[in-house]
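Below is one structure, written out as structure tokens, with a few remarks after it.
Since the model is a prediction, treat every value here as computed from it, not as a measurement. Chain letters run A, B, ... following the sequence lines, proteins first, then strands; residues in each count from 1.
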Amino acid sequence: MSLDLQLKQEISKAFSSLFDAELKVEDISLQPTRKEFEGSHTFVCFPYARLSKAKPEETARLIGEYLKENVEAVADFNVVKGFLNIVFSDATWVQVFTDIWKDENFGQYSDNGKEVMVEYSSPNTNKPLHLGHLRNNFLGWSVAEILKANGYDVHKVQIINDRGIHICKSMVAWSKFGNGETPESTGKKGDKLVGDYYVKFDQEYKKQIAELVEGGMDKETAEKEAPIFKEAQALLKKWEAKDPETYELWETMNGWVYAGFDVTYNAMGVDFDKLYYESNTFLLGKDEVVKGLEKGIFFEKEDGSIWVDLTEEGLDQKLLLRADGTSVYMTQDIGTAILRYRDFPNISQQIYTVGNEQEYHFKVLFIILDKLGYEWAKECYHLSYGMVDLPSGKMKSREGTVVDADELMQEMTDTACQHTEELGKIEGFSEEQAKELYYTLGIGALKYFLLKVDPTKRMLFDPNESIQFQGNTGPFIQYTHARISAILRKAEQIGVVPTEEDLKNLNELQASEKNVIFLLNDYMKKLAEAAENYSPDAIAQFAYDLAKEYNRFYQEVSIFNEEDQVALKFRIAFSSVVAKTIAKAMGLLGIQVPERM
RNA sequence: GGUUCCGUAGCUCAACUGGAUAGAGCAACUGCCUUCUAAGCAGUAGGUUCGGGGUUCGAGUCCCUGCGGGAUCACCA
């Protein structure tokens, strides 16, 4: 039984025994004791003064006395105002540690029988991935891993927006200005090449609009009448009509993009169990829209476009199918959602990792799915996260202010290399090992930087102030792991092998050891919390706290100079559990931890 | 304008979902490498939690209001 639960039960007993009052275990909440007071767990008594019919301070004192008297694990207590701080015996902490040490499944909840789907990434195929995508991918991937650790069966998916007006724009520009360029002929990554033509389209489009406006046309009309825009629209229609030539170009250019994306995903270290392509789902979406129209859920306007009226829900009318029959974003999302439930009928929830700029879209999508009669629509969840801002404001791909994902990852690796060389820490590393280390540290710093922040909040990234490697950072935690690894190597070398028997003979702990055990003991709770709130930041914070507290121990307490063999063996076991837990927690963030650095 | 999210140290972020004297990192300053990795540890300084009301034993957190900022309200995705 967990320490917390045990304590809660005893507090509940204390209430019935002392005050003849019923206080249910589930109504009791404990909080960590603040550092300035002695103890580890604090029970706040203010809310229960009514139950105990005594002042909070008095209530705290009575319960404290009861616990000290009746519960072996409780060694002492102190009361500050209405706060009851509980001190567990060292033997209790040793026991807590032993349980964790022996538990092979520590950090993994058992199978809960639930199946969920997590979507993330889901890029358009007209431009390369940027910093915003990095946050998205790291977040979605990490949430999926956290859910797995909580006992869920998780399917990682993405929807690749491979069709639509955006890719048609790149296709038009390439056809007009490309001169047959390919990734091979230019030596450019495919996604970058296609992205260049997307930018080229926009430049040309703007030029044409300006010309039309100069000729006396108003801006709004000009935007619709610009020849290059009309070409893109025409191409989209041709594509939907499966025009062979258009299809071939589309497949070729998407192929370039996928090859480029593969390189980026590989560097990011994210993966997927199944890929969905918009080109395979939008027709299903169209069918559903037509069905919905027949059922009277949707309505048709005079021009033939199909809409849903959401004014009753306090929203607007929303377009589902254009007058020319081509589909929009919403159309394919309807199809995709339905297809996924056909593929995986047992999933209890679908989680969409998409930026908060699309909150309205998902609100509407879920309502539409509900209107269409899909029960599971209520369980769809938009994991909405904040934008990554630059000091200059929002990133805009067409204005060239984006931070490119490939470039940023490379820069991080370079920075890691520079730091490591400055510190002279690559002694004994082969060139290959050194390169791997730089990558591990660079990407680790980047992932940690993006994941330690509450996902719902927008965050700032300053390219001029490169991501730190000291303090609350990925490398700091990685460093702690490397330090422990060195200790464990030495222990193995000199043949120190702790056993359960050794731990039984241990009866005194250092304060820093108890603090670390307290954190270890908290891990499962943090893990559950992280899943509940879809918050990798809770795991990041945990890993940092653990590393920080271990480093304090490392500084204050000697291991190999310890004369007491039992204490020495304990510290080896203890260090090994910390290293494993750091590795697991960081693993949930997609961050590798090195043995040496 | 409607809807919605946000405003915490000079900067980047926390605060166990209403608990104690609001905490970390960076930047600044002071110590600590003959000892298991100094990418570390210890310490100093830094706050009217945007302003003003309210709710209660208790508010950064909940309610109202003012100010400031973001997102969204597309036949873009």
(message) Ignoring hydrogens, what is the shortest heavy-atom contact between A:Ile228 and A:Gln208? Give both atom names and the distance.
(response) N-OE1, 2.9 Å
(message) Taking any heavy-atom pair under 4.0 Å as a contact, classify A:Asn85: base, sugar-phosphate, or nothing.
(response) base
(request) Assess the pair A:Tyr352 and A:Tyr120: is the distance between their ring centroids shorter than 6.0 Å? (result) no
(message) I'd like the C1' distance from B:A45 over to B:G23, given in whole Å.
(response) 16 Å
(message) For A:Phe46 and A:Phe83, I'd like to know if the aromatic rings sit close, meaning centre-to-centre distance below 6.0 Å.
(response) yes
(message) Can you confirm if the NZ or CZ of A:Lys318 lies within 45° of the ring axis of A:Trp307 and under 6.0 Å from the centre of its six-membered ring?
(response) no
(request) Could you tell me whether the phosphate oxygens of B:A24, OP1 or OP2, come under 4.0 Å of any side-chain nitrogen or oxygen in A:Lys35? (result) yes
(request) Check every strand shown and say whether A:Leu423 touches a base, only sugar-phosphate, or nothing at a heavy-atom separation below 4.0 Å. (result) base
(request) Sort out the partner of B:U44 for me: Watson-Crick or G-U wobble, both distances under 3.5 Å, none otherwise. (result) B:A28
(message) Once salt bridge (Lys or Arg N to Asp or Glu O under 4.0 Å) is applied, what residue pairs with a partner in residues 445-460 of chain A remain, sequence neighbours excluded?
(response) A:Asp389-A:Arg458
(request) Residues of residues 446-455 of chain A with any non-hydrogen atom less than 4.0 angstrom from an atom of RNA chain B: list those, numerically ordered, please. (result) A:Val453, A:Asp454
Atom pairs under 3.5 Å: protein N/O with N/O of nucleotides 71-74 of chain B:
unit_1: B:C73; atom_1: O2'; unit_2: A:Asp316; atom_2: OD2; d: 2.4

(message) Which nucleotide wins on minimum distance to the side chain of A:Glu359, given the candidates B:U4, B:G19, B:A77?
(response) B:U4
(message) So for A:Thr473 and B:A39, does any side-chain atom that can act as donor or acceptor lie under 3.5 Å from a complementary atom in the base?
(response) no
(request) State which residues pass side-chain hydrogen bond (donor to acceptor under 3.5 Å, both in side chains) with A:Asp316; sequence neighbours excluded, sorted by chain then number. (result) none
(request) Mind running a 4.0 Å heavy-atom check of residues 528-541 of chain A against RNA chain B and sending the residues that fall below it, in number order? (result) A:Asn533, A:Gln541
(message) Testing the basics here: between A:Ala434 and A:Phe429, what is the closest heavy-atom pair and its distance to 0.1 Å?
(response) N-CD2, 3.9 Å
Show me the donor-acceptor pairs, under 3.5 Å and distance only, between side chains in residues 438-446 of chain A and residues at least two apart or in other chains.
unit_1: A:Tyr439; atom_1: OH; unit_2: A:Ala267; atom_2: O; d: 2.4
unit_1: A:Thr440; atom_1: OG1; unit_2: A:Glu436; atom_2: O; d: 2.9

(message) Once you apply a heavy-atom cut-off of 4.0 Å, does A:Glu595 come out as touching a base, just sugar-phosphate, or nothing?
(response) base
(message) In whole Å, measure the gap between the P atoms of B:A20 and B:A42 for me.
(response) 23 Å
(message) Each nucleotide in nucleotides 55-63 of chain B should get exactly one letter: B, S or -. Can you fill that in based on protein heavy atoms under 4.0 Å?
(response) --B------
(message) Just so I know, are the side chains of A:Met330 and A:Val364 near enough to count as touching, which here means a heavy-atom distance under 4.5 Å?
(response) yes
(request) For the side chain of A:Gln468, starting at C-beta, report the closest nucleotide among B:A77, B:A20, B:C26. (result) B:C26
(message) Taking the P atom in each of B:A15 and B:U35, what is the distance between them to the nearest angstrom?
(response) 40 Å
Please list every donor-acceptor pair under 3.5 Å in which a side-chain atom of residues 540-550 of chain A meets a protein atom from a residue at least two apart or in another chain.
unit_1: A:Gln541; atom_1: NE2; unit_2: A:Asp545; atom_2: OD1; d: 3.3
unit_1: A:Glu549; atom_1: OE1; unit_2: A:Arg552; atom_2: NH1; d: 3.1
unit_1: A:Glu549; atom_1: OE2; unit_2: A:Asn515; atom_2: ND2; d: 3.2
unit_1: A:Glu549; atom_1: OE2; unit_2: A:Arg552; atom_2: NH1; d: 3.4
unit_1: A:Tyr550; atom_1: OH; unit_2: A:Ser575; atom_2: OG; d: 2.8

(request) Check ring pair (Phe, Tyr, Trp, His ring centres under 6.0 Å) between A:Phe282 and all other residues, then give those that pass, not counting sequence neighbours. (result) A:Trp239
(request) Kindly say whether, by distance alone, the side chain of A:Thr42 makes a donor-acceptor pair under 3.5 Å with the base of B:A20? (result) yes
(request) Identify, with sequence neighbours excluded, every residue that meets side-chain hydrogen bond (donor to acceptor under 3.5 Å, both in side chains) alongside A:His41. (result) A:Asp4
(message) Does the structure show A:Phe83 stacking with B:G19, if we require the centres to be closer than 5.5 Å and the planes to be within less than 30 degrees of parallel?
(response) no
(message) Taking only the C1' atom of each, what is the distance from B:U4 to B:C26 in whole angstrom?
(response) 32 Å
(request) Would you verify whether the NZ or CZ of A:Arg483 falls within 45 degrees of the ring axis of A:Tyr554 while also being under 6.0 Å from that six-membered ring's centre? (result) yes
(request) Searching all strands shown, indicate the nucleotide that pairs with B:U3 (Watson-Crick or G-U wobble; both distances under 3.5 Å). (result) B:A71
(request) Determine the interatomic distance between C1' on B:U55 and the same-named atom on B:A71; round to the nearest Å. (result) 31 Å
Check the interface with nucleotides 31-36 of chain B: list each N/O to N/O pair with the protein under 3.5 Å, or write none.
unit_1: B:C36; atom_1: O2; unit_2: A:Phe560; atom_2: N; d: 3.4
unit_1: B:C36; atom_1: N3; unit_2: A:Ile559; atom_2: N; d: 3.2
unit_1: B:C36; atom_1: N4; unit_2: A:Tyr554; atom_2: O; d: 2.6
unit_1: B:C36; atom_1: N4; unit_2: A:Val557; atom_2: O; d: 2.8

(request) Consider the side chain of A:Asn472, meaning its heavy atoms from C-beta on, and name the nucleotide among B:U21, B:G25, B:G19 that approaches it most closely. (result) B:G25
Show me the side-chain donor-acceptor pairs of residues 487-496 of chain A shorter than 3.5 Å, one per line, residues at least two apart or across chains.
unit_1: A:Arg489; atom_1: NH1; unit_2: A:Glu595; atom_2: O; d: 3.2

(message) For B:C41 and A:Arg552 - does any side-chain N or O of the residue sit under 4.0 Å from the phosphate oxygens OP1/OP2?
(response) no
(request) Between B:G53 and B:C67, how far apart are the C1' atoms? Round to whole Å, please. (result) 15 Å
(request) Give A:Ser575 one of three labels, base, sugar-phosphate or nothing, depending on what nucleic acid heavy atoms sit under 4.0 Å from its own. (result) nothing
(message) Mind checking if A:Gln31 touches a base, just sugar-phosphate, or nothing, with heavy atoms under 4.0 Å?
(response) base
(message) Quick one, A:Ser384 and A:Val354 - any side-chain contact, counting heavy atoms below 4.5 Å?
(response) no
(message) Regarding A:Lys457, tell me which of base, sugar-phosphate or nothing describes its non-hydrogen contacts under 4.0 Å with the strands shown.
(response) sugar-phosphate
(message) Check the phosphate of B:A42 against A:Lys548, side-chain N and O only, distance under 4.0 Å to OP1 or OP2. Yes or no?
(response) yes
(message) Roughly how many Å apart are B:G18 and B:C33, using the P atom of each and rounding to a whole number?
(response) 47 Å
(message) Would you measure the distance from the P atom in B:G51 across to the matching atom in B:A9 and give it in whole Å?
(response) 10 Å
(message) Is there a side-chain contact between A:Phe553 and A:Phe574 in this structure, where contact means two heavy atoms from C-beta onward sitting under 4.5 Å apart?
(response) yes
(request) Please tell me which of the listed nucleotides, B:A39, B:A77, B:U37, lies nearest to the side chain of A:Leu441? (result) B:A39
(message) B:A39, OP1 or OP2 - any side-chain N/O from A:Tyr479 closer than 4.0 Å?
(response) yes
(message) For A:Lys55, is there an ion pair with A:Glu57 - N to carboxylate O distance below 4.0 angstrom?
(response) no
